[in-house]
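Since the structure is predicted, the reported quantities are computational estimates derived from the model, not experimental observations. Note that these values count all heavy atoms, side chains included, but never hydrogens, waters or copies made by symmetry. Reminder, nothing fancy here: chain letters follow the sequence lines and each chain counts from 1.
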2 protein chains.
Amino acid sequence: MQEFDLRELRYFLAAAEELNFSRAAERMGISQPPLSRAIRRMERRLGAPLFHRGHNSVRLTAAGETLRNEAHKVLEAAAAASRRTRRAGRTATVLTVTAAPGRSTELLRRIAGAYAALPGAARTDIAVTGYCAQAAALRSGEADLALLSTPFDEEGLRVHGLCSEERVAAVPVGHRLARRTRLHCADLSGEPFPAWPADTEAGRRYWSGQDRAGGGRPAEGPLVHDISQLIEVVGLGQALALVPRHIAERNPRPDVVYVPVADASPYRTVLARPEGPAEPAVELFVRTAADLFAAVAPAGAVAEPA
Amino acid sequence: MQEFDLRELRYFLAAAEELNFSRAAERMGISQPPLSRAIRRMERRLGAPLFHRGHNSVRLTAAGETLRNEAHKVLEAAAAASRRTRRAGRTATVLTVTAAPGRSTELLRRIAGAYAALPGAARTDIAVTGYCAQAAALRSGEADLALLSTPFDEEGLRVHGLCSEERVAAVPVGHRLARRTRLHCADLSGEPFPAWPADTEAGRRYWSGQDRAGGGRPAEGPLVHDISQLIEVVGLGQALALVPRHIAERNPRPDVVYVPVADASPYRTVLARPEGPAEPAVELFVRTAADLFAAVAPAGAVAEPA
DNA sequence: CGTCCGGGATACCCTAAAGGTATGCAGGAG
DNA sequence: CTCCTGCATACCTTTAGGGTATCCCGGACG
């Protein structure tokens, strides 16, 4: 089962991306023949060609496509392994927890406070990162824990729900929906919604309320980078937005009204960690957070059942 | 970032398990000095010791513990990569789908039938495996898809809910609870429940209805291997059991009564695939299954929302 | 108190395999 | 026909992984 070597996987990946052995070899800092050989070796061992070699073109075979995806996972796992091990090697465990700027950070500070008061608590570093960067930090081993909010990509993570909160639609005062006292996702279909920088397809559906069955696809709205900009854009009548209730309460504006949306999926705040066994310090932190939220759910939110 | 080599990880893992370099080396088919060197090399590169070397004993450091977990993941990913690539290399894609014996297999046949009727469908192999073996087959790359039922270990899988079904308690006729028309999880606490061979702690809590908040821990009951044995054991008054409704309906017996349990978590049947990008054939199969269930939920079950 | 033993580290050699340079060979453009 | 591009082949050089022998150190034992 000694299938291959991480080095070979890197070579293969470079070749799969470049679709040109010479350039791939250059990128890997070796010359072309060794790279060719490495790939032929892999093909021989796997018993299946990875590339279609046309004379002036190289394409991936089905097996190659598969290996491209898989190789990615393997290399990521390896990189994460090294990072995590390094960090575990520092004397005196340090927990690194990331959160997005804004209320998440504030919540995180409270959890960290409660945690720090426990006997045997490790030092805790709070890393405030850009929106959408938390999950990546977890997967790469840069952080031990992340406080994140829906939507996020759950892949490779174990999430512990902390609280969930209703979402309301932010509607410009002049809008046809501004008079309504209650909306459904279907009412929002076809309306323009702001786009976030790192928005995935799933994320866009979420923010526009289309992640429940409701039909119609969201219209592309202006690009926004933070909450105040989002509200601004709504105020100017350029878009609608679905926001958690606490955002609505903290951003009262004369030119925006907030209307509950009956069937929008809730805005969930979760504590996430990488899959697999966790260090005791991580376990303790998670339990502390869960206990804290079970006891006193913060304003406007409902503690989630375990 | 050229941290290490899969071979080194294997060596490390052997050493971490044996806690004896000589034996570990023997297991890896090499002599002791190269193994020692490999590990020192890793320690040098990582900048942290992995083992405490007592003179007559070797123990893992914190970093070593971490690496042990991580190395596992990396090696599993690598093994899966090779298996999946091999299988993708066979001409004419073959989907391998696993299910437990019983109704799951029957459902799977229906899905496969609908799938096979589609244009461009791949050949589909159905592999019937023992209970609890499906998730492992997915993770190791032996299967492309698995039809499985709660409880299962979600780690590393992407699940697509197909249907969910109420669970009822199987109670021996003479039992104090046999007269009731409705139960709650709390009523069941302290009762003996049958154990399945591969039962995890979480699985046992699930089968005994303790996975909802309800207090008390389940009592250890006799070991059972299949459904008929389970019902038998209940009939003999040796245990209670929580079973999905369709099992109750197909196993009427004079010595067992079935009582709805109001707050037991439902019995969910899901189609699962490994995380990450999926081949088109897999995507198509999943969509076929979802459509089939959205249209006509099979007897006694409720189709899950997407 | 000396000796032996278990078990990891060191020293040194040897071979397999990765890398480099030069070149071959086949198709497409001009 | 020729040149260019781009992967494969041939052949040499270098390196590092593996083997054997040996050391070193602490513990057990007579």
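Checked for salt-bridge contact, B/E43 and B/R53 meet the test: a charged N lies under 4.0 Å from a carboxylate O. Salt-bridge annotation for A/E279 and A/R87: absent, with no side-chain N of the basic residue lying under 4.0 Å from a carboxylate O of the acidic one.
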Pair B/R86, A/E70 - check salt bridge (charged side-chain N to carboxylate O under 4.0 Å, His left out), show working.
CA-CA 12 Å; B/R86 266 183 212 291; A/E70 298 294 323; over 6 Å; no
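What separates CZ of A/R44 from C1' of D/dA8 is a distance of 13 Å, to the nearest Å. Separating the CZ atom of A/R40 from the P atom of D/dA10 is a distance of 12 Å, rounded to the nearest angstrom.
Between the side chains of B/Q134 and B/T129, at least one donor N or O sits under 3.5 Å from an acceptor N or O. With no hydrogens or angles considered, a side-chain donor-acceptor pair links A/S36 and A/Q32 at under 3.5 Å.
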Extract all donor-acceptor atom pairs below 3.5 Å that involve side chains of residues 71-78 of chain B and protein atoms in other chains or at least two apart in sequence.
unit_1	atom_1	unit_2	atom_2	d
B/K73	NZ	A/E275	O	3.0

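Nucleotides of DNA chain C that come within less than 4.0 Å of any heavy atom of chain B span, from the 5' end to the 3' end, C/dG7 to C/dT10.
Between A/F21 and A/F51, the gap from one ring centroid to the other is short of 6.0 Å.
Within a heavy-atom distance below 4.0 Å of DNA chain C, the residues of residues 57-66 of chain B found are B/V58.
The ring pair (Phe, Tyr, Trp, His ring centres under 6.0 Å) search around A/F152 returns none, not counting sequence neighbours. Residues passing the ring pair (Phe, Tyr, Trp, His ring centres under 6.0 Å) test with A/Y11, sequence neighbours excluded: none.
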Go along nucleotides 14-21 of chain D 5' to 3' and tag each nucleotide: B for a protein heavy atom under 4.0 Å from its base, S when only backbone or sugar atoms are that close, - otherwise.
---SBBBB
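For B/D5 (side chain) and B/E8 (main-chain N/O), no donor-acceptor pair under 3.5 Å exists by modelled atom type.
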